[in-house]
Amino acid sequence: MHRLVFLGPPGAGKGTQAAELATSLGLLHLSTGQLLRSAAAEKSRLGLQADRYMRAGQLVPDELVLGILKSNLARPKARAGFILDGFPRTLPQAEALEQITPIETVISFEIPESMLVERLTQRWSCPACGTVYNLATKPPRTPGQCDREGAALVHRADDEPAAVRTRLKVYHDQTAPLLDYYQRKGRLHPIDASGDVASVGRRLREAIGLAGSSAVPSAAASPTQGL
Ligand code: ADP
Ligand code: AMP
């Protein structure tokens with residue numbers, strides 16, 4: 001069973017790869033960012049609390065994120081394995097995760113910072129199904145519309161340049177120390193996350209010991225499904 005953590009800066013391609021791999025291996029893809037955005041859209045108590053941190057590009061307090069993560073890991077679909085995308089992001093979150101479930105493999109998405117800003121400012125996504133597009137590298141078939149749902153695509157407020165700068169700093173200050181944490185536990189597998197989606201996907205499959213097996217075509221990949 002695969003219990004994977006995808007670690008890396010915003011825009012490194014974690015969500016894109018997680019959606020494809022989860023579909024191909026039948027894993028639950030848990031993106032805490034997507035779960036929090038859904039809660040904010042529903043205007044639930046948690047969503048309203050989280051929203052102001054997210055808009056500013058800051059991390060949502062650990063206890064709020066842990067609550068939503070635990071309830072989702074308890075879902076039956078998680079029993080077949082899961083990918084945590086965007087969690088943990090702080091040392092207390094990583095320590096809390098140790099108490100919830102064992103994690104064998106942590107993939108570190110390594111990419112020059114100069115590529116991140118470009119990827120994020122060009123990112124658009126479907127509010128209905130979560131599918132992520134990129135105006136430069138993965139445009140929708142019809143401009144501005146989701147290929148699957150036909151819904152109008154949205155650009156995240158936290159993908160505006162000022163919030164992106166804050167998020168990169170937050171990543172360096174609060175999340176990057178996890179690289180050392182998992183390295184010391186012998187669970188860290190760095191991959192080169194530059195290059196196109198297919199090459200990164202191949203490196204990812206190699207890193208988790210699936211070299212040689214083919215991925216599903218990306219058109220058939222699910223979005224941040226199952227949230
Ligand atoms: P993350 O989940 O790490 O924040 P995403 O998967 O949302 O990153 O990717 C950020 C943006 O970059 C999206 O617009 C996505 O379509 C695009 N993208 C993802 N992987 C690649 C890649 N290998 N090459 C070019 N663009 C990519
Ligand atoms: P992401 O979709 O992973 O880029 O996350 C978007 C935003 O959601 C982040 O900038 C944080 O505000 C919040 N968020 C997502 N995951 C976490 C987490 N594990 N801990 C704290 N905040 C989070």
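Please read all numbers here as calculations on a predicted model, not as lab measurements. Every number for a ligand or one of its atoms is a count from 1 in the order of the listing.
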Just checking, is any N or O donor in the side chain of Asp62 or Gln93 under 3.5 Å from an acceptor N or O on the other one?
yes

Using a distance-only test with no angle check, is there a side-chain donor-acceptor pair under 3.5 angstrom linking Thr137 and Arg119?
no

I need the contact residues for ligand 2: any residue with a non-hydrogen atom closer than 4.0 Å to the ligand, ordered by chain then number.
Thr32, Gly33, Leu36, Arg37, Met54, Gln58, Leu59, Val60, Val65, Gly86, Phe87, Arg89, Gln93, Arg156, Asp158, Arg167

Within 45° of the six-membered ring axis of Tyr171 and under 6.0 Å from that ring's centre, is NZ or CZ of Lys169 located there?
no

So, Glu20 and His29: side-chain donor and acceptor under 3.5 Å apart, yes or no?
no

Glu104 atom CD, neighbour heavy-atom count above 12 within 6.0 Å:
yes

Interatomic distance, Arg167 atom CZ to Met54 atom CE [nearest 0.5 angstrom]
9.0 Å

Taken to the nearest 0.5 Å, the spacing of Cys126 SG from Tyr133 OH works out to 6.5 Å

Please output the residues near ligand 1 using a strict heavy-atom distance under 4.0 Å, listed in chain and residue-number order.
Pro9, Pro10, Gly11, Ala12, Gly13, Lys14, Gly15, Thr16, Arg119, Arg123, Val132, Tyr133, Asn134, Thr137, Gly195, Asp196, Val197, Val200

Nearest 0.5 Å please: distance from the CG atom of Leu153 over to the CG atom of Asp147.
8.0 Å

Residues Ser108 and Glu110: side-chain donor-acceptor under 3.5 angstrom
yes

